[in-house]
Protein chains: 2
Amino acid sequence: MQTSIIEEVRVFNRFYTDFIGLLNQYLLDSAYSLTEARIIYEIFTAGNIQASQIMEIMHIDKSYLSRILKRLEKEGIIEKRKSIQDARGITITLSKKGRQVFEHLNRASNEQVEKLLTPLKSTEAEALAFHMKAIVKILKVHS
Amino acid sequence: MQTSIIEEVRVFNRFYTDFIGLLNQYLLDSAYSLTEARIIYEIFTAGNIQASQIMEIMHIDKSYLSRILKRLEKEGIIEKRKSIQDARGITITLSKKGRQVFEHLNRASNEQVEKLLTPLKSTEAEALAFHMKAIVKILKVHS
DNA sequence: AAATATAGTTGACTTTGTCAACTATACAGA
DNA sequence: TCTGTATAGTTGACAAAGTCAACTATATTT
């Protein structure tokens with residue numbers, strides 16, 4: 001492996017960590033933390049999901065997740081019920097309120113990305129998406 | 001702005017947040033947190049630097065930074081001295097030990113990236129670096 | 001010289017995340 | 001079927017990370 005490639009990856013990581021930080025910074029004004037928002041996203045996307053699956057997807061500690069889910073349930077964002085196939089597990093779904101919250105967060109997140117992209121020419125924006133897709137494709141196979 | 005581009009950026013952000021998390025996870029075994037490691041990196045790269053500059057580069061709270069620098073000084077990693085041009089400010093440099101710590105962290109970080117890239121064919125790795133460079137170029141101008 | 005701004009420090013606090021112990025259920029093998 | 005082991009989730013106790021406001025000291029502006 002060439003060291004120049006490793007170096008480029010590290011340059012990119014520093015740069016993109018900042019970029020994501022910049023994006024997220026504004027979303028943090030919402031009532032939900034980034035982790036919560038991501039959890040809500042995963043539940044929405046899956047339709048219904050097991051807590052253990054969220055753990056696996058997000059590489060998040062189970063006690064931490066458990067507490068977050070407890071809070072979200074208390075706020076009426078999610079519903080938990082015993083899993084039918086496995087009585088140890090709980091199946092989680094978004095409540096109606098939860099879906100509304102998701103829509104709100106989703107819109108805010110779209111707007112945030114859009115704002116950061118507006119200075120770009122449309123050809124640049126398209127190129128950006130192209131390069132991103134390519135990176136995901138390269139890295140995804142091997143993880 | 002096309003919604004498909006926004007969506008692709010968001011897909012990428014989720015994916016890459018995970019990827020960076022994966023990378024960093026192992027570095028956390030070191031005696032230094034990610035933020036500390038990044039601060040050490042910035043001091044090394046700049047040669048000598050003002051605390052306020054680190055704040056600006058890293059978008060980090062000044063009280064938080066102040067405390068981290070205090071700790072690093074106590075451990076003999078950095079040296080602080082009153083800035084010559086501005087007596088309010090402090091100029092920070094790495095001590096000899098600090099440079100050793102940097103080299104260690106730097107090597108560990110390189111190895112970590114390398115490990116994640118080994119499954120890639122060399123053409124893929126090169127393509128990866130190419131796409132990364134392109135993204136930085138597109139986004140950098142406008143920030 | 002007075003008012004205002006900037007650099008950094010400190011105290012008090014909140015949020016985020018971790019670790020180990022525990023309960024309950026599932027599963028695999030003797 | 002009993003036994004041991006693994007998995008799902010919860011809880012308590014704690015540690016790490018980050019924030020906010022007040023403060024000192026110096027610089028800058030008017």
Side-chain angles (χ1 to χ4, degrees), chain A residues 17-18 20-40 42-43 46 48-75 78-93, chain B residues 17-18 20-40 42-43 46 48-75 78-93:
Chain A
T17 299
D18 271 16
I20 290 174
L22 217 64
L23 265 173
N24 290 338
Q25 167 178 0
Y26 302 97
L27 296 176
L28 287 175
D29 294 344
S30 102
Y32 303 95
S33 75
L34 264 126
T35 305
E36 287 170 332
R38 177 73 189 271
I39 288 168
I40 292 168
E42 295 297 344
I43 300 168
N48 68 335
I49 195 169
Q50 200 100 348
S52 58
Q53 292 179 280
I54 299 178
M55 272 177 55
E56 203 176 322
I57 294 170
M58 294 184 60
H59 309 105
I60 197 183
D61 180 79
K62 62 182 175 173
S63 69
Y64 185 33
L65 178 61
S66 173
R67 262 178 269 260
I68 291 175
L69 292 176
K70 198 173 168 185
R71 186 158 6 111
L72 292 178
E73 187 185 28
K74 200 169 143 201
E75 288 185 30
I78 65 168
E79 281 154 15
K80 292 172 169 185
R81 54 179 199 290
K82 251 198 170 69
S83 166
I84 308 164
Q85 308 94 317
D86 185 339
R88 293 169 303 179
I90 58 172
T91 301
I92 302 153
T93 51
Chain B
T17 299
D18 271 17
I20 290 174
L22 217 64
L23 266 173
N24 289 339
Q25 166 177 1
Y26 301 97
L27 297 176
L28 287 175
D29 293 344
S30 103
Y32 304 94
S33 75
L34 258 109
T35 305
E36 287 170 330
R38 178 72 189 272
I39 288 169
I40 291 168
E42 294 298 343
I43 300 168
N48 68 336
I49 195 168
Q50 200 102 346
S52 58
Q53 292 178 281
I54 299 178
M55 272 176 54
E56 203 176 322
I57 294 170
M58 294 183 60
H59 309 105
I60 197 183
D61 180 79
K62 62 182 175 174
S63 69
Y64 185 33
L65 177 60
S66 173
R67 261 178 269 259
I68 291 175
L69 292 176
K70 197 174 168 185
R71 186 156 10 110
L72 292 178
E73 187 186 28
K74 200 170 143 201
E75 289 185 31
I78 65 168
E79 281 154 16
K80 292 171 166 185
R81 54 180 201 289
K82 252 198 169 67
S83 166
I84 308 164
Q85 308 94 319
D86 185 338
R88 291 170 305 178
I90 57 172
T91 301
I92 301 152
T93 50

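Chain identifiers are assigned alphabetically (A, B, ...) following the order of the sequence lines, protein sequences preceding nucleic acid strands; residue numbering begins at 1 within each chain.
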Does a nitrogen or oxygen in the side chain of B/K80 sit under 4.0 Å from OP1 or OP2 of C/dT9? yes

Rounded to the nearest Å, what distance is computed from the CG atom of residue B/N24 to the P atom of nucleotide D/dA17? 12 Å

Interatomic distance where CD belongs to A/Q85 and P belongs to C/dC27 [whole Å]: 11 Å

Name the residue closer to the 5' end of DNA chain D, choosing between A/R88 and A/S66 according to the nucleotide with the nearest heavy atom. A/R88

Could you tell me the separation between the CD atom of A/E56 and the C1' atom of D/dA8, rounded to a whole number of Å? 13 Å

B/R38 and B/E42 ion-paired at < 4.0 Å: yes

In whole angstroms, how far is the C1' atom of D/dT10 from the NZ atom of A/K74? 15 Å

Do B/R67 side-chain and D/dG18 base share a donor-acceptor contact under 3.5 Å? no

Report the distance from atom CG of B/L65 to atom P of C/dT6, rounded to the nearest whole Å. 18 Å

Reckon A/D86 touches a base, only the sugar-phosphate, or nothing at all at heavy-atom distances under 4.0 Å? sugar-phosphate

Send over the distance from B/I90 CD1 to C/dT6 P, rounded to a whole Å. 18 Å

Separation of C/dG8 C1' from B/I39 CD1 (nearest whole Å): 14 Å

With a 4.5 Å limit on heavy-atom distance, are the side chains of B/M58 and B/Y64 in contact? no

Which part of the nucleic acid, if any, lies within contact of A/K82, taking any heavy atom under 4.0 Å across all strands shown: a base, the sugar-phosphate backbone alone, or nothing? nothing

Donor + acceptor pair across side chains of B/Q50, B/S52 (<3.5 Å): no

Looking at B/I68 and B/T35, what are the two nearest heavy atoms and their distance? CD1-CG2, 3.9 Å

Are any of B/K70's side-chain N or O atoms less than 4.0 Å away from OP1 or OP2 of C/dT10? yes

Closest of C/dG11, D/dA8, C/dG8 to the B/Q50 side chain is C/dG8

With the side chain of A/K62 defined as its heavy atoms from C-beta on, choose the nearest nucleotide among C/dT9, D/dA8, C/dT16. D/dA8

Quick one: label B/S83 by what it contacts on the DNA or RNA (base, sugar-phosphate, nothing), any heavy atom closer than 4.0 Å. nothing

Is there a side-chain contact between B/I54 and B/I92, using heavy atoms and a 4.5 Å cut-off? yes

Take atom CD1 of B/I60 and atom P of D/dA17, then tell me their distance rounded to the nearest Å. 11 Å

Using a cut-off of strictly less than 4.0 Å, decide whether A/S63 has a side-chain nitrogen or oxygen near OP1 or OP2 of C/dC19. no

